[in-house]
Novice: 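Here it is, the structure, as structure tokens.
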Number of protein chains: 2
Amino acid sequence: MSKPAKFNREDIIHKAANLYWQKGFHATSMRNLQEVIDMRPGSIYATFGSKEGLFKEALQYYAQTGVQALHACRTETGSPLQALKLFIERSVMGSKCDTQAPSGMCMLVKTVAELTEDNADLLAEAKLSLVMIETEFAKLLTEAQTCGELDASQDVKALARFVQVQIIGIRTYAHANRDSDTIQQLIDDLFSTLAVNK
Amino acid sequence: MSKPAKFNREDIIHKAANLYWQKGFHATSMRNLQEVIDMRPGSIYATFGSKEGLFKEALQYYAQTGVQALHACRTETGSPLQALKLFIERSVMGSKCDTQAPSGMCMLVKTVAELTEDNADLLAEAKLSLVMIETEFAKLLTEAQTCGELDASQDVKALARFVQVQIIGIRTYAHANRDSDTIQQLIDDLFSTLAVNK
DNA sequence: TTTACTTTTGAACGATTGCTCAATTTTAGC
DNA sequence: GCTAAAATTGAGCAATCGTTCAAAAGTAAA
């Protein structure tokens, strides 16, 4: 009957997310997006509704990819705590070693830093995803307790929050001060702190 | 001879800095600035050259004010470590209690998060100010060593870096998740960690 | 091949952007 | 009061912004 869609939706969102991640919401123009996703305005607006609509899907895609990466770390290593460290190392080092990560900083943190209530739903979406990821950390830490890697008396929620603060701090610091030796030391210090809580 | 300048330069920069701090560089339009500083485009451009020029002065003003606040904490308390804690508490809590702080996040961190090499000199300025502030932390920690508040064997530079990472992490986390009890606990945890290093 | 329906295109819209500059206003010295 | 110099004004520029929509292109069933 009808003409089938030419574009792969996920591929488009992936490309859009990378551009938004690199340049931020306001500095990314629709014409910038048109180029990297190779679509004309009409198609973009028919598919995503607005610049905000596309950004929202990009945020969701980014967060979902992050959670998947964490789960991947879990299956790669036998230990929950090792999985956490692997995830952090990959997150922080990402933009250094990889050829692909558009920014050393977390896209959710960049979004929370850039946007205000003028884009309330995008801001809420980013905050929600941060909560979701912190919850994933908590799950991993609970698992670490049952494995005996972590003392059962520890407050898992507080520890997950602590880990979240550390990752935000380290990645942001690394983005402002690119020095790989220093960064690795910060990560090691973090996990020696966690080891104290064992 | 000539007509004297009507405006107070520092007052203008203060107002501009607050708007930039709140909305970020890209989301702040020159017309927004015209309103809050009550100047017409011609005067603004004659005085500051460009949107970037004004932002640069705003950054410098912000950083200078921050350093002054730290020094004020030092003179208010007898202890260097107490001064540091006071500074952090005021920085983090600022936007909660005060009526004036435009954002819970550090303006330098917001800038580093938002800008790219498209605004290379503004980015460099923000990074430089962060280094400067970290150096101030190091001075305070060295003083803490001579006072005997901190073990002399500690690596002051590493500790200053650690403090910087913590402040960035906590303030950013607080900005994304406004809950004062949680935040105070994070600060207390930080200083109990520093106490271990005594 | 025709028909029915969907996707894609890209010129172009009104609004807003950062910024300019000729005209005006305001002062201080003569 | 007049003049010279500097500060201020604000209409308006070219460029870019996010977005729209009539036209063109494409596909599958009839």
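These figures come from a predicted structure and were not determined experimentally.
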Novice: To the nearest Å, give me how far apart CG (A:Asn8) and P (C:dT7) are.
Specialist: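 These atoms are roughly 15 Å apart.
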Novice: Who are the side-chain contact (heavy atoms from CB on, under 4.5 Å) partners of B:Asp181, not counting sequence neighbours?
Specialist: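 B:Asp181: side-chain contact (heavy atoms from CB on, under 4.5 Å) contacts with B:Asp179.
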Novice: Going by number, which of residues 41-53 of chain B have a non-hydrogen atom under 4.0 Å from DNA chain D?
Specialist: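 B:Pro41, B:Gly42, B:Ser43 - these, ordered by number, are the residues of the stretch whose heavy atoms sit under 4.0 Å from the strand.
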Novice: Check this one for me: any side-chain N or O of A:Lys6 less than 4.0 Å away from OP1 or OP2 of C:dT9?
Specialist: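 Yes, such a contact exists.
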Novice: Not counting sequence neighbours, which residues clear side chain to side chain donor-acceptor pair (under 3.5 Å) with A:Ser29? List them please.
Specialist: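 Only A:Asn32 meet the side chain to side chain donor-acceptor pair (under 3.5 Å) criterion with A:Ser29.
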Novice: Provide, to the nearest angstrom, the distance between the CZ atom belonging to B:Phe55 and the P atom belonging to C:dG18.
Specialist: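 It is 13 Å, rounded to the nearest whole Å.
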Novice: Apply ring-ring contact (aromatic ring centres under 6.0 Å, His included) to A:Phe25 and list each qualifying residue two or more places apart in sequence or on a separate chain.
Specialist: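 With neighbours one apart ignored, the set is A:Phe55.
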Novice: Name all pairs fulfilling the side chain to side chain donor-acceptor pair (under 3.5 Å) condition that reach into residues 126-137 of chain A, sequence neighbours left out, sorted by first residue then second.
Specialist: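 Output for this query lists A:His71-A:Glu136, A:Glu134-B:Tyr173, A:Glu136-A:Lys139.
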Novice: Could you tell me which residues satisfy side chain to side chain donor-acceptor pair (under 3.5 Å) with A:Lys51, sequence neighbours excluded, listed by chain and number?
Specialist: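 Result, side chain to side chain donor-acceptor pair (under 3.5 Å) vs A:Lys51: none returned.
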Novice: Indicate yes or no: at least one non-hydrogen side-chain atom of A:Leu130 is less than 4.5 angstrom from one of B:Asn177.
Specialist: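 A side-chain contact is absent here, since even the closest heavy-atom pair is not under 4.5 Å.
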Novice: Give, ordered by number, those residues of residues 118-126 of chain A having at least one heavy-atom distance below 4.0 Å to an atom of DNA chain D; if nothing qualifies, reply none.
Specialist: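 Nothing qualifies; none.
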Novice: With sequence neighbours left out, write down each residue that passes side-chain contact (heavy atoms from CB on, under 4.5 Å) with B:Gln82, or none if nothing qualifies.
Specialist: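 B:Gln82 satisfies side-chain contact (heavy atoms from CB on, under 4.5 Å) with B:Thr77, B:Ser79 only.
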Novice: Please list, in numerical order, the residues of residues 22-40 of chain A that have a heavy atom closer than 4.0 Å to any atom of DNA chain C.
Specialist: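 Hits under 4.0 Å, by residue number: A:Arg31, A:Arg40.
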Novice: Who are the ring-ring contact (aromatic ring centres under 6.0 Å, His included) partners of A:His14, not counting sequence neighbours?
Specialist: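 Once residues adjacent in sequence are excluded, the partners of A:His14 under the ring-ring contact (aromatic ring centres under 6.0 Å, His included) criterion are A:Tyr61.
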Novice: Rounding to an integer number of Å, can you tell me how far A:Lys3 NZ sits from C:dT7 C1'?
Specialist: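 After rounding, the gap between these two atoms is 5 Å.
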Novice: Sequence neighbours left out, what passes salt bridge (charged side-chain N to carboxylate O under 4.0 Å, His left out) with B:Arg161? Give chain and number order.
Specialist: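 With neighbours one apart ignored, the set is empty.
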Novice: Which residues pass the side chain to side chain donor-acceptor pair (under 3.5 Å) test with B:Arg31, sequence neighbours left out?
Specialist: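 Side chain to side chain donor-acceptor pair (under 3.5 Å) check on B:Arg31 returns nothing, list empty.
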